[in-house]
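Report on one structure; see the data block that follows.
The structure presented is a predicted model; accordingly, all values stated were derived computationally and were not measured.
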Protein chains: 2
Amino acid sequence: MSWTRQGGGHERRSYHHGNLREALLEAALQLIAANGPAGFTIAEAARLAGVSPAAPYRHFSDAGALIAEVALRGFERFADALERAWNDGRPDPVRAFEALGRAYLSFARQEPAYYAAMFEARIAAEAYPGLQAAGDRAFGVLRDASERLIGDLPRETRPPALMMALHIWSMSHGIASLFVRADPSRRKLPMSPEDLLEAGVLLYLQSLGLAGAKKP
Amino acid sequence: MSWTRQGGGHERRSYHHGNLREALLEAALQLIAANGPAGFTIAEAARLAGVSPAAPYRHFSDAGALIAEVALRGFERFADALERAWNDGRPDPVRAFEALGRAYLSFARQEPAYYAAMFEARIAAEAYPGLQAAGDRAFGVLRDASERLIGDLPRETRPPALMMALHIWSMSHGIASLFVRADPSRRKLPMSPEDLLEAGVLLYLQSLGLAGAKKP
DNA sequence: GGTTGATGTAAGAGTCTCTCACATGAGCTG
DNA sequence: CAGCTCATGTGAGAGACTCTTACATCAACC
């Protein structure tokens, strides 16, 4: 997809680009995917967009602001993906919960640039207000799902939903960081990250009295 | 502690530094701790060591090689810390296993510069041979501990020790990355990362038939 | 005492960030 | 339609960093 006004190649005829902001965000995604968050530079993004190195500063105060915008959009897509996977607990809560975990890893795999901007760029979240909220929305999906899952448990054995969500988030994030995002040359696993996470979640749920049996 | 030959301040009288390599590694730790892996520069490290910007290149081929050396030493300290915490399963395997988890988080908290170099610098591990081995030694502690923990279980219900170690490593790493290493302004937790991890590990062990009861 | 090799410096080419003054032209206003 | 205005782009440049090359220093060894 192209973001230039001409809709064609990257040759621009008019003085003004017409859609530079989007073109820069697109370029950032490419560069981050290729080289990690540190591999992205304003200068290179400007080059990809076909403008001078100073032009991006009309749209972003500095490189961090551009990365933060990528991260923000990433969190929104991430939250959407998690919501689709959870699908309001259908076909049944346990299955939907597993789909949620797979969606987490899938996002890390399919959208490495967003994932890197969100979790590996070390952005000061408080400096970019929307970021925190977008992250909270994504986490909220997991929290609501946890709440729903344990809803059927008797009060005495019911764990705090927040704690449960934090456990699942942490394990998903750990697996994604260590085994999905790591270089391919990295330590070989005896199973796919997806299977590893599914087994971990099932064991965790078992200890709560949910998902008692092994998967059919 | 000072790494100059004079053992005193950072004023050097002789032409040669005497211990530049160590001084640079020390400077890198300071800079990474202060500004993250991206905040470290060869030029600034040279300045801290009191040498010209070109001098570091006598000891490290480039900035990545210096970071990799920091990461390597970090993994060694990390493995040592984990081994001390496990303490060969004393006083009993379950308690020692919990101590292992606390040691993981403690390392992330107490040694942020090493942790950042190890896990946040995106080093190409295959380019620095010792790195992979050092990381494997640290993981090996967790793996051996898992093996020992499940050793008492009947064969039929015994999970693969490797999988178990990967689950614990992932949850520990996830909690460390998300809640120990995150900026202090970050989302407030209902409990400390240490308690969160301990609860998660206990639940996990419960589902395996270990650590059946809640902690006294 | 002289030589040599490891370790330092000075200088510089190339790149990046970010700023400032100036150029362009799309859209509004009369 | 003429003219104005302002968002958006350019050119030039200061300051910082990376890494290289040629040269300087000096500790250790013959």
Side-chain angles (χ1 to χ4, degrees), chain A residues 3-7 10-28 30-32 34-70 121-124 127, chain B residues 2-7 10-28 30-32 34-70 121-124 127-128:
Chain A
W3 293 104
T4 63
R5 186 172 44 183
Q6 289 74 23
H10 44 71
E11 345 220 353
R12 174 172 50 101
R13 305 189 182 284
S14 66
Y15 186 87
H16 290 95
H17 182 287
N19 210 355
L20 182 53
R21 187 183 170 85
E22 293 301 324
L24 290 170
L25 290 166
E26 185 66 20
Q30 284 182 33
L31 293 172
I32 295 173
N35 315 315
F40 153 84
T41 67
I42 291 270
E44 183 70 18
R47 215 167 290 132
L48 282 179
V51 296
S52 77
Y57 293 94
R58 295 291 179 196
H59 299 275
F60 300 97
S61 61
D62 57 21
L66 206 167
I67 301 274
E69 174 73 22
V70 173
R122 302 201 62 63
I123 303 166
Chain B
S2 165
W3 296 102
T4 62
R5 186 172 45 182
Q6 289 73 23
H10 44 69
E11 345 218 354
R12 176 172 47 104
R13 303 187 182 287
S14 65
Y15 187 86
H16 290 95
H17 182 287
N19 210 353
L20 182 53
R21 187 181 169 87
E22 292 301 325
L24 290 170
L25 290 166
E26 185 65 19
Q30 285 182 34
L31 293 172
I32 295 172
N35 316 317
F40 153 84
T41 66
I42 290 271
E44 183 70 19
R47 214 168 290 132
L48 281 180
V51 297
S52 77
Y57 294 93
R58 295 292 179 195
H59 299 274
F60 300 98
S61 61
D62 57 21
L66 206 168
I67 301 275
E69 174 73 23
V70 172
R122 303 202 60 65
I123 304 166
Y128 306 95

Original post:
Just how far, in rounded Å, is C1' of D/dA16 from CZ of B/F40?
Top reply: 15 Å
Original post:
Sub-3.5 Å donor-acceptor pair from the side chain of A/H16 to the main-chain atoms of A/G18, do we have one?
Top reply: no
Give me, pair by pair, the N or O atoms of the protein and of nucleotides 28-30 of chain D that are less than 3.5 Å apart, along with how far apart they are.
none

Original post:
Within the structure, does a side-chain N or O atom of B/H59 lie under 4.0 Å from either OP1 or OP2 of C/dA6?
Top reply: no
**OP:** Round to the nearest Å and state the distance from A/Y57 atom OH to D/dG13 atom C1'.
**Re:** 14 Å
**OP:** Starting at atom CG of A/N19, determine the distance to atom C1' of D/dA7, rounded to an integer number of angstrom.
**Re:** 14 Å
Original post:
Taking CZ from A/F60 and P from C/dC16, how many angstroms apart are they, rounded to a whole number?
Top reply: 19 Å
Subject >> Atom-pair distance (CZ on B/R58; P on D/dT18), nearest Å >> reply: 17 Å
Original post:
Can you tell me how far P of C/dT17 sits from CG of A/L31, to the nearest Å?
Top reply: 11 Å
**OP:** Please report the shortest heavy-atom distance between A/F40 and A/L31, naming the atom on each side.
**Re:** CD1-CD1, 4.0 Å
**OP:** Classify the nucleic acid contact of A/A43 as base, sugar-phosphate or nothing, counting any heavy atom under 4.0 Å across all strands shown.
**Re:** sugar-phosphate
Subject >> Closest contact, heavy atoms only, A/V70 versus A/L25 >> reply: CG2-CD2, 3.8 Å
Subject >> Where A/L20 and A/A55 come nearest, the two heavy atoms and their spacing >> reply: CD2-CB, 3.8 Å
Subject >> Nearest heavy atoms of B/P37 and B/I32, plus distance in Å >> reply: N-CG2, 3.9 Å
**OP:** Measure across B/Y128 and B/G64 and return the closest heavy-atom pair with its distance rounded to 0.1 Å.
**Re:** OH-C, 3.5 Å
Subject >> Most 5' of B/E44 and A/R21 on DNA chain D, judged by nearest nucleotide >> reply: A/R21
**OP:** When you get a sec, tell me which of D/dC17, D/dT8, D/dA24 is the closest nucleotide to the side chain of B/Y15?
**Re:** D/dA24
Original post:
For the side chain of A/H16, counting heavy atoms from C-beta on, which of C/dG8, C/dG25, D/dT10 is nearest?
Top reply: C/dG25
Original post:
Quick one: B/H17 NE2 to C/dT7 C1', roughly how many Å, whole number?
Top reply: 12 Å
Subject >> Least distance between heavy atoms, A/P56 atom then A/P53 atom >> reply: CD-O, 3.4 Å
Subject >> Protein proximity profile, nucleotides 10-15 of chain C - base contact B, sugar-phosphate-only contact S, no contact -, cut-off 4.0 Å on heavy atoms >> reply: B-----
**OP:** Look up atom NE2 in B/H17 and atom CG in B/L24, then write down how far apart they are to the nearest 0.5 Å.
**Re:** 7.5 Å
Original post:
Quick one: CD1 on A/I42 to OH on A/Y57, what's the gap to the nearest 0.5 Å?
Top reply: 4.5 Å
